[in-house]
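Everything on this sheet refers to the single structure shown next.
Residue numbers start from 1 in every chain, and the chains themselves are labelled A, B, ... in the order their sequence lines are given, proteins ahead of strands. As the structure is a computational prediction, the values presented were derived from the model and not from experiment.
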Amino acid sequence: MRPILRRPGRSLALPELPEVETVRRDLAATLAGVLVSAVSVTGLRSTRRHPTAASFSAALAGRRLVGFERRGKYLLVILEPAAVLVVHLRMSGQLRLAAGPDVPLAKHSHVVIDLDDGRQLRFVDPRTFGELFVTTPDVPELAQLGVDALAVTQPELTRLLAGRRARIKVALSDQRIIAGIGNIYSDEILWTAGVRGTRPAGALRPVEIGRLHGAIGAVLGAAVESRGSSLRDQQYVDLGGLTGSYQERHAVYGREGLPCPRCGRPIRRIVVAQRSHFWCRCCR
DNA sequence: ACAAATACCTGTAAGC
DNA sequence: TGCTTACAGGTATTTG
């Protein structure tokens, strides 16, 4: 019996660790040392952690952008005088650099940050899940965030997964355990490691955790080199509006019914924790 | 303590 | 052709 070929599930390209890291590097290369001269907020949901748009603007204006860090999917812009601008792109957020105020505003531009050299840093976000907020240097809002996926060691991973009954697909995407992996890269990592996503995390054998640890570094590292993944409606673009290219190397994500690169059998899609999970029956 | 379900939101495309 | 509707998912919150 031939497998039923269905259209691949509609997929977006959501900002996960590689996409946020690409934006971080671009920011560091283009904005180090600039002064924020003014801030305009038109989308109140984007600054919802602040009581008013004015309180967000006042916290950011007059400060200099002196450092650019990343924790998981959170972007941290280090400010002087001492403070931190935290940015999370969530589903559809983009940071875009404009040469000046005359460049037409993209639809769904919610925050415009004027820089003292005339350029503008703009936050664009159709689905309005993303957010920006200014906080203290210790960033207490991120206290629950787990170890960054690019920094986790194999012994740490072993300890973090021990005893957990959650499926490994879910545990990998849990930001309190490991920070930076979302729905796209968790599937690519599991396929690369040859680990079934529905296995309980705590049941993985040491050799499987070893393969998983290797796959986390290999997949995320290669995706960073490719400047992230952009798919379909191209939700993810970098600071200059350009797409990444790692989608060309996706083995399973968004490829339901297409041949597995390893064995040629059709990629399957199931729903795990209300999310699409793409996998190969024989290769995981 | 941990796990699972739900709300939030809009562009896209499938289906009629 | 045009309308309706289902779907995509990260995180905070709620419920179990």
Given [options], which nucleotide is nearest the side-chain atoms of [X]?
X: Lys73(A); options: dA5(B), dT11(C), dG9(C); result: dT11(C)
X: Thr128(A); options: dC9(B), dT11(C), dA3(B); result: dC9(B)
X: Ala166(A); options: dA4(B), dG9(C), dG11(B); result: dA4(B)
X: Pro126(A); options: dT11(C), dA5(B), dG11(B); result: dG11(B)
X: Arg164(A); options: dA8(C), dA3(B), dA12(C); result: dA3(B)

Whether Arg262(A) side chain and Cys283(A) backbone form a donor-acceptor pair below 3.5 Å:
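Present.
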Is [X] near enough to [N] that one of its side-chain N or O atoms lies under 4.0 angstrom from OP1 or OP2?
X: His88(A); N: dT11(C); result: yes
X: Ser92(A); N: dG11(B); result: no
X: His108(A); N: dG11(B); result: yes
X: Arg49(A); N: dA12(C); result: yes
X: Lys107(A); N: dT10(B); result: no
X: Arg127(A); N: dA8(C); result: no
X: Tyr185(A); N: dG10(C); result: no

Round to the nearest Å and state the distance from [X] atom [atom1] to [N] atom [atom2].
X: Leu172(A); N: dT11(C); atom1: CG; atom2: C1'; value: 17 Å
X: His277(A); N: dC7(C); atom1: NE2; atom2: P; value: 19 Å
X: Gln144(A); N: dG10(C); atom1: CD; atom2: C1'; value: 16 Å
X: Asn183(A); N: dT11(C); atom1: CG; atom2: P; value: 12 Å
X: Lys169(A); N: dA4(B); atom1: NZ; atom2: P; value: 14 Å
X: Glu131(A); N: dA12(C); atom1: CD; atom2: P; value: 7 Å
X: Arg165(A); N: dG16(C); atom1: CZ; atom2: P; value: 18 Å

NA contact type, Ser276(A), heavy-atom cut-off 4.0 Å: base, sugar-phosphate, or nothing?
sugar-phosphate
Describe the nucleic acid contact of Gln175(A) in one word from base, sugar-phosphate, nothing, applying a heavy-atom distance below 4.0 Å.
sugar-phosphate
If we check side-chain hydrogen bond (donor to acceptor under 3.5 Å, both in side chains) with Glu131(A), which of these qualifies: Arg45(A), His110(A), Arg49(A)?
Arg49(A)
Which of these passes side-chain hydrogen bond (donor to acceptor under 3.5 Å, both in side chains) with Tyr185(A): Glu16(A), His250(A), Glu19(A)?
Glu19(A)
Within 45° of the six-membered ring axis of Trp191(A) and under 6.0 Å from that ring's centre, is NZ or CZ of Arg196(A) located there?
no
With a sphere of 6.0 Å drawn around CD of Glu141(A), does it hold more than 12 non-hydrogen atoms of other residues, nucleotides or ligands?
yes
Treat each ILVMFWY residue as a node, draw an edge where side-chain heavy atoms are under 4.5 Å apart, and state whether Phe133(A) and Leu76(A) are in one component.
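Phe133(A) and Leu76(A): one cluster.
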Tell me which of Phe129(A) and Val170(A) sits closer to the 5' end of DNA chain B, going by the nucleotide each one is nearest to.
Val170(A)
With DNA chain B as reference, determine whether Arg176(A) or Arg45(A) sits nearer its 5' end, using the nearest nucleotide of each.
Arg176(A)
